[in-house]
Amino acid sequence: MGAVTELVWGCLDTPVGQVSVACTDAGVARVAYGPLPGAAPAPAPIPGTQAAVLLEAAVTELGEYFAGHRKAFTIPVDLGRAHGSRRTVLSVLHDSVPFGRTITYGGLAARAGLDAAGPGGAAMPPARVVGQIMASNPVAIIVPCHRVVAGTGLGGYSGGTGTDVKHWLLVFEGALPATLDWDSAALRRAQPAGARPA
DNA sequence: TACTTCACATTTT
DNA sequence: AAAATGTGAAGTA
(Lines give C-alpha, C1' and ligand atoms only; values in the text may rest on other atoms or scores of the structure.)
Protein backbone atom coordinates (compact mmCIF):
# COMPACT_ATOMS: atom_id res chain seq x y z
CA MET A 1 0.00 0.00 0.00
CA GLY A 2 2.01 2.89 -1.06
CA ALA A 3 0.80 6.41 -0.81
CA VAL A 4 -2.92 6.41 -0.52
CA THR A 5 -5.09 9.37 -1.10
CA GLU A 6 -5.39 11.90 1.62
CA LEU A 7 -6.75 10.04 4.57
CA VAL A 8 -8.31 12.12 7.28
CA TRP A 9 -8.83 10.42 10.60
CA GLY A 10 -11.38 11.16 13.22
CA CYS A 11 -12.31 9.67 16.57
CA LEU A 12 -15.67 8.88 18.04
CA ASP A 13 -16.62 7.79 21.51
CA THR A 14 -19.12 4.93 21.61
CA PRO A 15 -20.59 2.63 24.25
CA VAL A 16 -18.25 -0.07 23.03
CA GLY A 17 -15.21 2.11 23.24
CA GLN A 18 -13.52 4.59 21.02
CA VAL A 19 -13.87 4.21 17.29
CA SER A 20 -11.66 5.69 14.64
CA VAL A 21 -12.93 6.71 11.25
CA ALA A 22 -10.89 7.45 8.18
CA CYS A 23 -12.24 9.22 5.15
CA THR A 24 -11.05 10.13 1.72
CA ASP A 25 -12.67 12.51 -0.69
CA ALA A 26 -14.61 9.53 -2.03
CA GLY A 27 -16.11 8.32 1.22
CA VAL A 28 -15.36 6.41 4.36
CA ALA A 29 -12.26 4.36 3.77
CA ARG A 30 -11.90 2.71 7.11
CA VAL A 31 -13.56 2.30 10.47
CA ALA A 32 -11.73 0.57 13.27
CA TYR A 33 -12.11 0.02 16.96
CA GLY A 34 -9.76 1.51 19.45
CA PRO A 35 -7.93 4.81 19.24
CA LEU A 36 -5.91 4.97 16.04
CA PRO A 37 -4.72 1.88 14.17
CA GLY A 38 -1.27 2.99 13.23
CA ALA A 39 0.41 6.33 13.10
CA ALA A 40 -2.22 8.70 11.94
CA PRO A 41 -1.27 12.14 13.13
CA ALA A 42 -4.21 13.63 11.28
CA PRO A 43 -2.63 17.06 11.19
CA ALA A 44 -5.55 19.39 10.90
CA PRO A 45 -7.01 18.23 7.60
CA ILE A 46 -7.85 21.04 5.29
CA PRO A 47 -11.36 22.03 6.33
CA GLY A 48 -13.17 22.34 3.08
CA THR A 49 -12.13 19.19 1.35
CA GLN A 50 -14.72 16.57 0.68
CA ALA A 51 -12.82 14.24 2.98
CA ALA A 52 -13.26 16.54 5.95
CA VAL A 53 -16.95 16.94 5.25
CA LEU A 54 -17.46 13.22 4.87
CA LEU A 55 -15.49 12.57 8.01
CA GLU A 56 -17.70 14.85 10.00
CA ALA A 57 -20.81 13.32 8.47
CA ALA A 58 -19.55 9.82 9.22
CA VAL A 59 -18.83 10.66 12.83
CA THR A 60 -22.25 12.27 13.16
CA GLU A 61 -24.06 9.30 11.68
CA LEU A 62 -22.11 6.87 13.82
CA GLY A 63 -22.95 8.90 16.87
CA GLU A 64 -26.63 8.85 15.97
CA TYR A 65 -26.45 5.14 15.29
CA PHE A 66 -24.95 4.38 18.68
CA ALA A 67 -27.53 6.68 20.23
CA GLY A 68 -30.28 4.62 18.65
CA HIS A 69 -31.50 7.40 16.41
CA ARG A 70 -30.10 6.14 13.17
CA LYS A 71 -30.72 2.75 11.62
CA ALA A 72 -29.03 3.25 8.30
CA PHE A 73 -25.97 5.04 7.03
CA THR A 74 -26.17 7.32 4.06
CA ILE A 75 -22.55 8.23 3.67
CA PRO A 76 -20.63 6.64 0.82
CA VAL A 77 -17.99 4.03 1.39
CA ASP A 78 -14.68 4.14 -0.38
CA LEU A 79 -13.75 0.67 -1.50
CA GLY A 80 -11.18 1.77 -3.97
CA ARG A 81 -8.61 -0.66 -2.71
CA ALA A 82 -11.01 -3.59 -2.53
CA HIS A 83 -10.25 -6.45 -4.89
CA GLY A 84 -12.62 -8.83 -6.61
CA SER A 85 -14.81 -10.67 -4.20
CA ARG A 86 -13.93 -8.37 -1.37
CA ARG A 87 -15.71 -5.43 -2.86
CA THR A 88 -18.65 -7.56 -4.00
CA VAL A 89 -19.19 -9.13 -0.61
CA LEU A 90 -18.92 -5.85 1.23
CA SER A 91 -21.25 -4.17 -1.20
CA VAL A 92 -23.81 -6.95 -1.00
CA LEU A 93 -23.58 -6.97 2.74
CA HIS A 94 -24.07 -3.25 2.95
CA ASP A 95 -27.05 -3.42 0.63
CA SER A 96 -28.57 -6.65 1.85
CA VAL A 97 -28.46 -6.52 5.61
CA PRO A 98 -30.44 -3.66 7.15
CA PHE A 99 -30.68 -2.71 10.78
CA GLY A 100 -31.80 -5.47 13.12
CA ARG A 101 -31.25 -8.15 10.50
CA THR A 102 -28.65 -10.84 10.52
CA ILE A 103 -27.27 -13.17 7.89
CA THR A 104 -25.01 -16.15 7.94
CA TYR A 105 -21.60 -16.33 6.34
CA GLY A 106 -22.80 -18.95 3.91
CA GLY A 107 -25.92 -16.96 3.13
CA LEU A 108 -23.94 -13.85 2.43
CA ALA A 109 -21.52 -15.78 0.29
CA ALA A 110 -24.37 -17.26 -1.70
CA ARG A 111 -25.96 -13.88 -2.08
CA ALA A 112 -22.71 -12.43 -3.31
CA GLY A 113 -22.46 -15.13 -5.94
CA LEU A 114 -19.57 -16.95 -4.35
CA ASP A 115 -21.44 -20.22 -4.19
CA ALA A 116 -19.87 -21.41 -7.40
CA ALA A 117 -19.77 -24.96 -6.21
CA GLY A 118 -18.27 -27.40 -8.59
CA PRO A 119 -20.74 -29.81 -10.30
CA GLY A 120 -19.86 -32.95 -8.48
CA GLY A 121 -21.12 -32.16 -5.09
CA ALA A 122 -18.16 -30.10 -4.15
CA ALA A 123 -19.01 -28.76 -0.77
CA MET A 124 -17.17 -25.53 -1.13
CA PRO A 125 -16.86 -23.31 1.87
CA PRO A 126 -17.14 -19.83 0.44
CA ALA A 127 -18.13 -18.91 3.95
CA ARG A 128 -14.49 -18.95 4.86
CA VAL A 129 -13.76 -16.41 2.20
CA VAL A 130 -16.50 -14.21 3.57
CA GLY A 131 -15.16 -14.71 7.04
CA GLN A 132 -11.75 -13.61 5.97
CA ILE A 133 -13.22 -10.58 4.26
CA MET A 134 -15.13 -9.72 7.40
CA ALA A 135 -12.08 -10.25 9.53
CA SER A 136 -10.31 -7.55 7.62
CA ASN A 137 -13.36 -5.50 6.88
CA PRO A 138 -12.07 -2.02 6.18
CA VAL A 139 -15.27 -0.28 7.16
CA ALA A 140 -16.73 -1.86 10.26
CA ILE A 141 -20.14 -0.89 11.61
CA ILE A 142 -21.15 1.02 8.49
CA VAL A 143 -20.68 -2.15 6.54
CA PRO A 144 -22.50 -4.35 9.06
CA CYS A 145 -19.85 -7.00 9.42
CA HIS A 146 -21.12 -7.50 12.94
CA ARG A 147 -24.51 -8.56 11.63
CA VAL A 148 -22.97 -11.52 9.92
CA VAL A 149 -23.22 -14.53 12.20
CA ALA A 150 -22.09 -18.08 11.72
CA GLY A 151 -24.60 -20.69 10.71
CA THR A 152 -24.05 -22.35 14.02
CA GLY A 153 -23.73 -20.24 17.10
CA LEU A 154 -22.71 -16.65 17.13
CA GLY A 155 -19.62 -16.73 15.03
CA GLY A 156 -16.54 -14.75 15.63
CA TYR A 157 -15.54 -11.18 15.54
CA SER A 158 -12.42 -9.11 15.48
CA GLY A 159 -13.82 -6.10 17.20
CA GLY A 160 -12.34 -4.46 20.22
CA THR A 161 -12.81 -7.19 22.79
CA GLY A 162 -13.77 -9.83 20.28
CA THR A 163 -17.28 -11.20 20.38
CA ASP A 164 -18.11 -8.86 23.21
CA VAL A 165 -18.56 -5.95 20.87
CA LYS A 166 -20.39 -8.06 18.34
CA HIS A 167 -22.76 -9.33 20.98
CA TRP A 168 -23.35 -5.84 22.26
CA LEU A 169 -24.17 -4.58 18.79
CA LEU A 170 -26.53 -7.45 18.04
CA VAL A 171 -28.37 -6.98 21.29
CA PHE A 172 -28.42 -3.28 20.65
CA GLU A 173 -30.12 -3.85 17.33
CA GLY A 174 -32.50 -6.38 18.80
CA ALA A 175 -31.15 -9.24 16.72
CA LEU A 176 -30.23 -11.15 19.86
CA PRO A 177 -32.21 -11.50 23.08
CA ALA A 178 -30.65 -9.57 25.91
CA THR A 179 -29.71 -12.47 28.09
CA LEU A 180 -29.26 -11.36 31.63
CA ASP A 181 -26.33 -13.45 32.63
CA TRP A 182 -23.60 -13.51 30.10
CA ASP A 183 -20.22 -15.15 30.34
CA SER A 184 -17.35 -15.13 27.98
CA ALA A 185 -17.54 -18.89 27.97
CA ALA A 186 -21.29 -18.78 27.49
CA LEU A 187 -20.82 -16.62 24.43
CA ARG A 188 -19.21 -19.48 22.59
CA ARG A 189 -22.16 -21.79 22.83
CA ALA A 190 -24.77 -19.10 23.01
CA GLN A 191 -27.60 -20.02 20.72
CA PRO A 192 -29.71 -17.08 19.66
CA ALA A 193 -33.14 -18.54 20.30
CA GLY A 194 -35.39 -17.42 17.50
CA ALA A 195 -32.71 -15.22 16.03
CA ARG A 196 -31.78 -17.70 13.37
CA PRO A 197 -32.26 -16.19 9.93
CA ALA A 198 -33.97 -18.28 7.30
C1' DT B 1 -25.74 -37.28 19.41
C1' DA B 2 -21.05 -35.14 19.79
C1' DC B 3 -16.68 -34.38 18.07
C1' DT B 4 -12.91 -34.29 14.69
C1' DT B 5 -11.19 -33.65 10.09
C1' DC B 6 -11.24 -31.83 5.33
C1' DA B 7 -11.98 -28.21 1.66
C1' DC B 8 -10.72 -23.57 -0.84
C1' DA B 9 -10.21 -18.32 -1.91
C1' DT B 10 -8.39 -14.18 -0.52
C1' DT B 11 -5.73 -11.10 2.35
C1' DT B 12 -1.85 -9.99 4.97
C1' DT B 13 3.19 -10.07 6.65
C1' DA C 1 6.15 -16.65 -1.57
C1' DA C 2 4.04 -18.68 2.49
C1' DA C 3 0.83 -18.83 6.38
C1' DA C 4 -3.36 -17.69 8.55
C1' DT C 5 -8.06 -16.58 8.64
C1' DG C 6 -14.62 -14.43 12.56
C1' DT C 7 -16.82 -21.28 8.54
C1' DG C 8 -19.44 -25.13 6.61
C1' DA C 9 -20.29 -29.85 5.89
C1' DA C 10 -19.39 -34.67 6.27
C1' DG C 11 -17.70 -38.63 8.40
C1' DT C 12 -16.69 -41.31 12.36
C1' DA C 13 -16.78 -42.71 17.23
Side-chain angles (χ1 to χ4, degrees), chain A residues 1-5 7 14 16-17 19-20 22 24 28-34 36-40 77-97 99-173 175-176 179 182-193 195-198:
Chain A
M1 302 63 156
V4 288
T5 319
L7 207 62
T14 72
V16 296
V19 173
S20 302
T24 63
V28 181
R30 183 169 172 130
V31 176
Y33 294 95
L36 291 177
V77 176
D78 182 15
L79 297 173
R81 70 183 68 179
H83 283 272
S85 304
R86 201 158 201 257
R87 176 165 183 160
T88 302
V89 172
L90 291 174
S91 180
V92 171
L93 173 60
H94 185 354
D95 182 63
S96 177
V97 184
F99 185 94
R101 194 74 176 279
T102 56
I103 189 172
T104 58
Y105 287 91
L108 177 58
R111 195 149 193 169
L114 278 163
D115 61 339
M124 309 263 197
R128 179 168 289 192
V129 179
V130 174
Q132 176 56 29
I133 292 169
M134 297 294 127
S136 70
N137 179 7
V139 193
I141 302 173
I142 295 176
V143 173
C145 60
H146 58 269
R147 290 181 198 147
V148 183
V149 298
T152 170
L154 215 184
Y157 197 59
S158 300
T161 321
T163 53
D164 188 22
V165 175
K166 180 173 185 173
H167 173 241
W168 188 93
L169 288 168
L170 291 176
V171 172
F172 175 70
E173 296 187 355
L176 278 180
T179 313
W182 270 102
D183 262 338
S184 298
L187 267 172
R188 293 186 59 187
R189 311 200 71 159
Q191 290 193 352
R196 295 179 53 178

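For the numbers below, each heavy atom of this structure counts, side chains included, while hydrogens, waters and symmetry mates do not.
The line from CG of A/L79 to CZ of A/R30 is 13.0 Å long, rounded to the nearest 0.5 Å.
The interatomic distance linking A/W168 (CH2) with C/dG6 (C1') rounds to 20 Å, in whole Å. Whole-Å rounding puts the A/M134 CE to B/dA9 P distance at 18 Å. Nucleotide B/dT12 holds its C1' atom 15 Å from the CG atom of A/N137, rounded to whole Å. The distance from atom CG of A/L90 to atom C1' of B/dT11 is 12 Å, rounded to the nearest whole Å. The distance between atom CZ of A/R111 and atom P of C/dG8, rounded to the nearest whole Å, is 17 Å. Here the P atom of nucleotide B/dC8 and the CD atom of A/Q132 are 17 Å apart, to the nearest Å. We find that CG of A/L170 is positioned 17 Å from P of C/dG6, with the value rounded to whole Å. Atom CG in A/L108 sits about 16 Å away from atom P in C/dG6, given to the nearest Å.
Here the side chains of A/T24 and A/L7 are in contact, with some heavy-atom distance below 4.5 Å.
A donor-acceptor pair under 3.5 Å is formed between the side chain of A/R147 and the backbone N or O of A/V97.
When each of A/R128 and A/R86 is assigned the nucleotide of DNA chain B bearing its nearest heavy atom, the one mapping closer to the 5' terminus is A/R128.
Comparing B/dT12, C/dG6, B/dT10 by their nearest atom to the side chain of A/S136 picks out B/dT12. For A/T152, whose side chain is taken as the heavy atoms from C-beta onward, the closest listed nucleotide among B/dT10, C/dG8, C/dG6 is C/dG8.
Judged by Watson-Crick or G-U wobble contacts below 3.5 Å, the nucleotide C/dG11 has B/dC3 as its partner. A 3.5 Å limit on both hydrogen-bonding distances identifies B/dT10 as the Watson-Crick or G-U partner of C/dA4.
A/V130 comes within 4.0 angstrom of nothing in the nucleic acid, heavy atoms only. Across all strands shown, A/A150 has heavy atoms under 4.0 Å from sugar-phosphate atoms exclusively, and none from any base. When heavy atoms are screened at a 4.0 angstrom cut-off, A/S158 is found touching base atoms of the nucleic acid.
Residue A/R147 places none of its side-chain N or O atoms closer than 4.0 Å to OP1 or OP2 of C/dG6.
For the side-chain contact (heavy atoms from CB on, under 4.5 Å) test with A/I133, the passing option among A/L93, A/V148, A/L90 is A/L90; the others fail.
A/H94 approaches A/P144 most closely through the heavy-atom pair CA-CD, 4.1 Å.
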